[in-house]
Amino acid sequence: MHHHTRADFESLRDQAVTLRRAGLSRRQIRDRLHVHNNDILNRLLEGEPPPDWTRRPNAKDDLRARARELRGRGMTYDEIQVELGCSTSSISLWVRDLPKPPPRRTAAEQAKLANRKRWEHELAVRDKERQRTKASAMAEIGTLTDRELMLVGTGLYWSEGAKSKPYRTSETVTFINSDPTMIHVYLAWLSLLDIGPGRLRFRVMIHESADVAASELYWANLVGVDVATFGKTTLKKHNPKTVRKNVGEDYHGCLVVRVLQGAELYRRIEGWWHGITAAAQGPRDRRTLR
């Protein structure tokens, strides 16, 4: 570069500063203004800070590398922020592909966790034993003879069915239950006693707050009849004061099964029950399971 006047220098300096402020790098300014002498370029840009982006990559890369290293040591975003003084959003961007450090636990928490693991294992073992016991018990029952079903059904009716009271003779055979397995056994027993489907009447009893239509359908499917043949459903008033456990998906209310013209059958059931009672109190040898 030849001898420049002060004015030339000032005009060049203005241009250089303008370009610098527009975000150009030293190399871009050098090429744009044809100033290839480093010292002169330094003087032209004296006191002008470089634009952020020319400075940033290295600083940012260093920070990023440091953030990743700290994350690798298991530090949280907040801890890294305190250490490096950059925003958690930046930190997140730099380290989010790294695995999340495992939560740090105190000795007490660690012990508690170990206890819970032990307890869960213990419960799983117990549950296996429980299932094994149930399965082997189920196998012990095997098939039911007619006589056995007859006795089971009688006991079932006498504990769960409607009974005639001395002060209120009502010899009706009505069975109400919310347990589908009880209903199954009861219906099998009625079938054994030759009570045909034509003599059965069904209806549902349920809290008004439940899904009534769904429950009617549930029971109709369970007993294998058309829901249209059901009697009028009895709705129990919802009392908000009582905290009731039997709500939700699995609550279907109760099924009421009534046998038409059941007085004769009722007397026989009562007789059978007295027979069972007398036999159970009789001599031990008559009661052994063969």
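Follow the hydrophobic side-chain contacts under 4.5 Å out from Leu151 and you reach Tyr186 in the same cluster. Cluster membership check: Leu217 does not share its hydrophobic cluster with Leu187, using side-chain heavy-atom separations under 4.5 Å among Ile, Leu, Val, Met, Phe, Trp and Tyr. Taken together through direct or relayed side-chain contacts under 4.5 Å among Ile, Leu, Val, Met, Phe, Trp and Tyr, Met138 and Val152 form parts of separate hydrophobic clusters. In the hydrophobic clustering of ILVMFWY residues, with side-chain heavy atoms under 4.5 Å counting as a link, Met150 and Leu156 come out together. In the hydrophobic clustering of ILVMFWY residues, with side-chain heavy atoms under 4.5 Å counting as a link, Leu235 and Ile176 come out apart.
With a 6.0 Å cutoff to the six-membered ring centre and a 45° limit on the axis angle, Arg43 counts as a cation-pi contact of Phe9.
Side chain to side chain, Ser90 and Ser87 meet the donor-acceptor criterion of an N or O pair below 3.5 Å. There is a side-chain donor-acceptor pair under 3.5 Å between Asn38 and Arg26. No side-chain donor-acceptor contact under 3.5 Å links Asp78 and Thr76. When only modelled atom types and interatomic distance are considered, Arg203 and Thr234 share a side-chain donor-acceptor pair under 3.5 Å.
Although no hydrogens or angles enter the test, the distance criterion places a donor-acceptor pair under 3.5 Å between the side chain of Gln28 and the main chain of Ser25. The backbone N or O of Leu144 lies less than 3.5 Å from no partner atom in the side chain of Arg147, so there is not a single donor-acceptor pair. Here the side chain of Arg199 pairs a donor or acceptor atom with the backbone of Gln261 at under 3.5 angstrom. The backbone N or O of Thr229 lies less than 3.5 Å from no partner atom in the side chain of Asp226, so there is not a single donor-acceptor pair. Checking side-chain atoms of Glu148 against main-chain N and O of Thr145 turns up a donor-acceptor pair under 3.5 Å.
Ring-plane geometry between Trp158 and Trp273 is classed as parallel, the angle between the planes falling under 30 degrees on a 0 to 90 degree scale with a further cut at 60. Using cut-offs of 30° and 60° for the angle between ring planes, the Trp189 and Tyr157 rings count as parallel.
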Problem - Leu255/Asn177 under side chain to side chain contact (heavy atoms under 4.5 Å, CB included): CA gap, chis, key distance, verdict - result: CA-CA 6 Å; Leu255 184 66; Asn177 219 276; over 6 Å; no
Practice task
Give the intermediate values and the outcome of side chain to side chain contact (heavy atoms under 4.5 Å, CB included) for residues Trp219 and Cys254.
Solution key: CA-CA 9 Å; Trp219 289 115; Cys254 292; 5.8 Å; no
Problem - Check against side chain to side chain contact (heavy atoms under 4.5 Å, CB included), Lys163 and Tyr266 - result: CA-CA 8 Å; Lys163 287 182 284 292; Tyr266 179 82; 3.7 Å; yes
Exercise for the section: Before giving the answer on side chain to side chain contact (heavy atoms under 4.5 Å, CB included), spell out for Leu19 and Leu33 the whole-Å C-alpha distance, their side-chain angles and the decisive distance to 0.1 Å. Expected result: CA-CA 10 Å; Leu19 293 174; Leu33 300 181; 4.1 Å; yes
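With contacts defined as side-chain heavy-atom distances shorter than 4.5 Å, the pair Val95/Arg64 does not qualify. A heavy-atom distance below 4.5 Å is not found between the side chains of Val17 and Leu44. Residues Ile29 and Val35 fail the side-chain proximity criterion, which asks for heavy atoms closer than 4.5 Å. Side-chain contact between Asp146 and Leu192: present, with at least one pair of heavy atoms (C-beta onward) separated by less than 4.5 Å. Looking at heavy atoms from C-beta onward, Phe175 lies out of side-chain contact with Val256 at the 4.5 angstrom threshold. Residues Arg201 and Phe230 form no side-chain contact, since every pair of their non-hydrogen atoms from C-beta on lies 4.5 Å or further apart.
Atom OG of Ser178 and atom OH of Tyr251 lie 8.5 Å apart (nearest 0.5 Å). Distance OG1/Thr233 to CE/Met205: 10.5 Å, rounded to 0.5 Å. Glu83 contributes atom CD, which lies 5.5 Å from atom CG of Leu70 (distance to the nearest 0.5 angstrom). Between the CD atom in Gln110 and the CG atom in Asn115 there is a gap of 11.0 Å [rounded to 0.5 Å]. In this structure, Ser92 OG and Arg71 CZ are separated by 9.0 Å, a value rounded to the nearest 0.5 Å. Taken to the nearest 0.5 Å, the CD1 atom of Ile91 stands 9.0 Å off from the CE atom of Met75.
For Glu46 and Arg13, the salt-bridge test fails: no basic side-chain N is under 4.0 Å from an acidic carboxylate O. A salt bridge is defined here as a Lys NZ or Arg NE, NH1 or NH2 lying under 4.0 Å from an Asp or Glu carboxylate O, and Glu208 with Lys236 fails to meet this definition. Salt bridge annotation for Asp97-Arg68: present, with a cationic side-chain nitrogen under 4.0 angstrom from a carboxylate oxygen. Salt-bridge check for Arg73 with Glu69: passed, with a basic side-chain N closer than 4.0 Å to an acidic carboxylate O. A salt bridge does not link Arg118 to Glu122: none of the charged nitrogens lies less than 4.0 Å from a carboxylate oxygen. No salt bridge links Lys112 with Glu109; every basic N to acidic carboxylate O contact stays at or beyond 4.0 Å.
For the residue pair His252 and Val204, the shortest heavy atom distance occurs at O-CG1, 4.2 Å. Nearest heavy atom pair, residue Ile206 against residue Ser215, reads CD1-OG, 3.1 Å. For the residue pair Asp14 and Thr18, the shortest heavy atom distance occurs at O-OG1, 2.6 Å. Scanning all heavy atoms of the two residues, the minimum distance from Ala188 to Leu149 falls at O-CD2, 3.9 Å. The minimum heavy-atom distance linking Leu222 with Pro180 is given by the pair CD1-CB, 3.8 Å.
For Lys165, the NZ atom sits in a packed shell: over 12 heavy atoms of surrounding residues, nucleotides or ligands are nearer than 6.0 Å. The number of heavy-atom neighbours closer than 6.0 Å to NE2 of His36, taken from other residues, nucleotides and ligands shown, is above 12.
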